[in-house]
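The structure under discussion appears below in the form of structure tokens.
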Amino acid sequence: MSTSQYETSGAYEPYGAPGVHGAQERYGAHDAETLAYGTAYGEDTYQPAYEAAAQAAQAARSYVGEQVLPRQDERGAAEEAREAGVRAGAGRRAARRRKARNSRRPESAVRRLLPQALVVAFLAGGTTAFLAKDKAVELTVDGRPRTLHTFADDVTGLLAEEGVPLGAHDVVAPAPGTALASGDEVAVRYGRPVRLTLDGERREVWTTARTVDGALRQLGVRAEGAYLSASRSQNIGRAGLALDVRTERTVTILADGRTRTIRTNAATVGEAVEEAGITLHGQDTTSVSQSGFPRDGQTVTVLRVTGSKEVREETIPFQVRRTADPTLFKGTEVVEQAGRPGLRRVTYYLRSVNGVRQKPRRETAEVVRRPRTQLVKVGTKPHPDSVTGADGLNWHGLAVCESGGRAHAVDPSGTYGGLYQFDTHTWHSLGGNGRPQDASAEEQTFRAKKLYVSRGSTPWPHCGARLHK
């Protein structure tokens with residue numbers, strides 16, 4: 001009986017070869033294969049059931065290592081044979097289960113080892129990628145090189161990773177953003193401010209050079225023959241420095257009728273003149289300021305100056321102040337206080353340049369006498385319309401005869417004045433003020449009429465007859 005039959009029915013067959021019924025179940029009652037005598041096994045296939053059971057029991061005892069006891073009687077042997085058959089069947093089933101487990105073990109092992117293999121493969125791939133991202137580069141910061149390993153993809157990432165700040169005047173090579181590969185070199189040069197005075201012109205520039213010599217080359221300044229306020233080998237710190245550079249220039253000096261051309265890096269025109277071997281004396285000067293910066297190709301003329309001082313006296317004009325006087329007829333002005341000019345003493349400097357006399361230059365002035373203001377009264381009184389007994393006379397003819405018709409006329413002696421040549425005493429007796437020649441023509445005619453009424457034409461012995469023509 002097959003193992004499957006034991007497992008399904010649990011019946012024991014005392015007769016027949018084991019497995020026959022199983023074959024019949026598989027193939028049918030007439031389909032079982034018939035074996036020829038001695039062909040398959042070389043022996044007779046017929047065997048009593050108890051012998052088969054006994055052999056099976058013996059085999060089972062041998063399998064489990066039990067001791068076989070003598071058979072007591074035929075019935076006991078049969079029972080023992082049945083128990084042995086059951087144990088033998090159980091042993092075969094256990095063997096098949098072990099075989100099945102062993103047949104499934106490789107698959108289970110593969111299943112257990114597959115995740116581990118994947119982890120190992122992943123780690124191996126990650127390590128490869130890790131090693132591929134790592135780069136050995138050389139980073140030089142302000143002249144200090146060092147080799148380092150980085151995972152940065154580009155120059156920007158490398159500088160950020162290393163904490164290297166960049167300013168507006170700093171230079172990076174290669175440029176930020178450039179991809180990195182192992183073996184690359186990255187250089188950072190910091191900018192430095194330089195307060196440069198070049199040939200007198202001041203400006204602030206930036207340089208990435210670390211020495212004065214390097215800065216001059218970078219700025220394109222020719223240093224051969226130039227004056228430098230600092231050594232060319234001096235280092236420039238991050239804070240920068242102040243640098244005065246005077247390049248060599250050609251300057252021509254004209255002095256005493258001679259021309260001298262020199263190459264100089266002098267700071268002032270005065271120094272250039274001294275380098276030309278020219279000495280300035282006293283008031284000597286130059287055509288340009290001696291403190292100015294000498295330019296390349298410039299011509300400087302030396303001026304030999306001689307001079308002296310001269311004192312002159314000058315008058316100071318007086319002022320005239322006029323005030324209204326209601327007692328005087330309109331047009332009449334009377335000088336109440338005569339003006340007097342002042343006096344001033346002025347010192348002039350007389351200079352000759354290279355023998356040519358220059359325009360005098362006023363240096364000092366001193367007032368010796370102050371001017372006196374002239375005070376004048378101006379009449380505002382209206383003129384009278386007429387003088388009874390004298391209005392119809394030819395006063396114009398008389399005036400022409402006496403003074404030529406000029407209201408301010410004065411005779412050569414200075415005694416008589418005005419249209420009608422009044423003397424001062426007569427003028428005042430008629431109510432006039434000041435001098436008659438200072439009064440208006442209307443007032444003079446009015447006073448002449450009054451004089452005629454009181455004395456006739458007697459005051460004008462030579463021209464009085466003109467009044468009646």
Side-chain angles (χ1 to χ4, degrees), residues 312-346 365-469:
R312 301 175 184 175
E313 290 187 351
E314 299 176 354
T315 59
I316 304 174
F318 60 83
Q319 294 180 349
V320 178
R321 184 184 304 160
R322 290 178 170 83
T323 57
D325 188 345
T327 64
L328 300 177
F329 287 105
K330 289 182 179 181
T332 302
E333 293 185 356
V334 177
V335 177
E336 185 178 17
Q337 175 182 288
R340 186 183 64 184
L343 183 63
R344 179 167 47 216
R345 187 175 290 118
V346 182
E366 179 186 2
V367 176
V368 178
R369 183 182 67 244
R370 295 185 179 279
R372 183 175 63 188
T373 303
Q374 179 170 291
L375 303 179
V376 179
K377 291 183 177 181
V378 179
T380 59
K381 182 180 179 181
H383 293 283
D385 295 333
S386 63
V387 175
T388 304
D391 289 337
L393 301 179
N394 185 10
W395 294 103
H396 175 69
L398 178 62
V400 170
C401 182
E402 289 288 335
S403 62
R406 294 178 291 117
H408 303 292
V410 179
D411 76 324
S413 65
T415 304
Y416 303 98
L419 288 172
Y420 307 102
Q421 294 294 288
F422 292 103
D423 59 55
T424 304
H425 175 73
T426 303
W427 177 257
H428 289 166
S429 66
L430 296 172
N433 293 318
R435 299 184 308 170
Q437 61 267 24
D438 294 332
S440 65
E442 292 81 2
E443 183 180 357
Q444 291 182 35
T445 301
F446 173 73
R447 303 292 179 192
K449 288 180 179 181
K450 290 181 67 175
L451 180 61
Y452 176 79
V453 170
S454 62
R455 296 174 57 184
S457 61
T458 303
W460 305 283
H462 299 290
C463 298
R466 298 287 186 96
L467 290 172
H468 303 284
K469 291 184 179 179

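Keep in mind the model is a prediction, meaning the values are calculated, not measured.
- Residue T388 comes nearest to V453 through the heavy atom pair O-CG2, 3.5 Å, listed as atom of the first residue, atom of the second, then distance.
- Among residues two or more places apart in sequence or in another chain, the salt bridge (Lys or Arg N to Asp or Glu O under 4.0 Å) test is passed with R344 by none.
- Interatomic distance, R340 CZ to T315 OG1, rounded to the nearest 0.5 Å: 13.0 Å.
- Separation of atoms CD (Q421) and CD (Q437) is listed at 8.5 Å; rounding is to 0.5 Å.
- From S454, atom OG reaches atom CG of L430 across 6.5 Å, with rounding to the nearest 0.5 Å.
- Checked against side-chain contact (heavy atoms from CB on, under 4.5 Å), E313 has the following partners two or more places apart in sequence or in another chain: L343, R345.
- Counting only distance, with no hydrogens or angles, the side chain of H428 and the backbone of G434 share a donor-acceptor pair below 3.5 Å.
- No donor-acceptor distance shorter than 3.5 angstrom exists from the side chain of T415 to the backbone of D423, with no hydrogens or angles considered.
- In this structure, W427 and Q444 have side chains that are in contact, with non-hydrogen atoms separated by less than 4.5 Å.
- Residue R369 qualifies as enclosed at atom CZ: its count of foreign heavy atoms under 6.0 Å is above 12.
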Derivation and outcome, side-chain contact (heavy atoms from CB on, under 4.5 Å), residues V335 and Q337: CA-CA 6 Å; V335 177; Q337 175 182 288; 5.8 Å; no

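- Counting all heavy atoms, side chain and backbone alike, K469 lies closest to A465 at CG-O, 3.7 Å.
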L393 vs H468, side-chain contact (heavy atoms from CB on, under 4.5 Å): CA-CA, chis, key distance, verdict: CA-CA 6 Å; L393 301 179; H468 303 284; 3.9 Å; yes

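- Using a 4.5 Å cut-off on side-chain heavy atoms (C-beta onward), V410 and Y416 make no contact.
- Interatomic distance, L467 CG to K449 NZ, rounded to the nearest 0.5 Å: 11.0 Å.
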Verdict with reasoning, L451 to F422, per side-chain contact (heavy atoms from CB on, under 4.5 Å): CA-CA 10 Å; L451 180 61; F422 292 103; 3.9 Å; yes

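- Between L419 atom CG and R447 atom CZ the span is 14.0 Å, to the nearest 0.5 Å.
- Counting only heavy atoms from C-beta outward, the side chains of K381 and L328 never approach each other to under 4.5 Å.
- Closest approach of G418 to S403, counting heavy atoms only: O-CB, 3.4 Å.
- Contacts of D438 classified as salt bridge (Lys or Arg N to Asp or Glu O under 4.0 Å), with partners at least two apart in sequence or in another chain: R435.
- Residues V334 and D325 are not in side-chain contact: their nearest non-hydrogen atoms beyond the backbone lie 4.5 Å or more apart.
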Candidate pair I316 and R370, rule side-chain contact (heavy atoms from CB on, under 4.5 Å), full reasoning: CA-CA 7 Å; I316 304 174; R370 295 185 179 279; over 6 Å; no

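- Pairing each heavy atom of A448 with each of Y420, the nearest pair is CB-CD1, 3.6 Å.
- Remark: the backbone N or O of N394 is not paired with any side-chain donor or acceptor of R466 at under 3.5 angstrom.
- For Q374 (side chain) and G339 (main-chain N/O), a donor-acceptor pair under 3.5 Å exists by modelled atom type.
- Between atom CH2 of residue W460 and atom OH of residue Y452 there is a gap of 9.0 Å, rounded to the nearest 0.5 Å.
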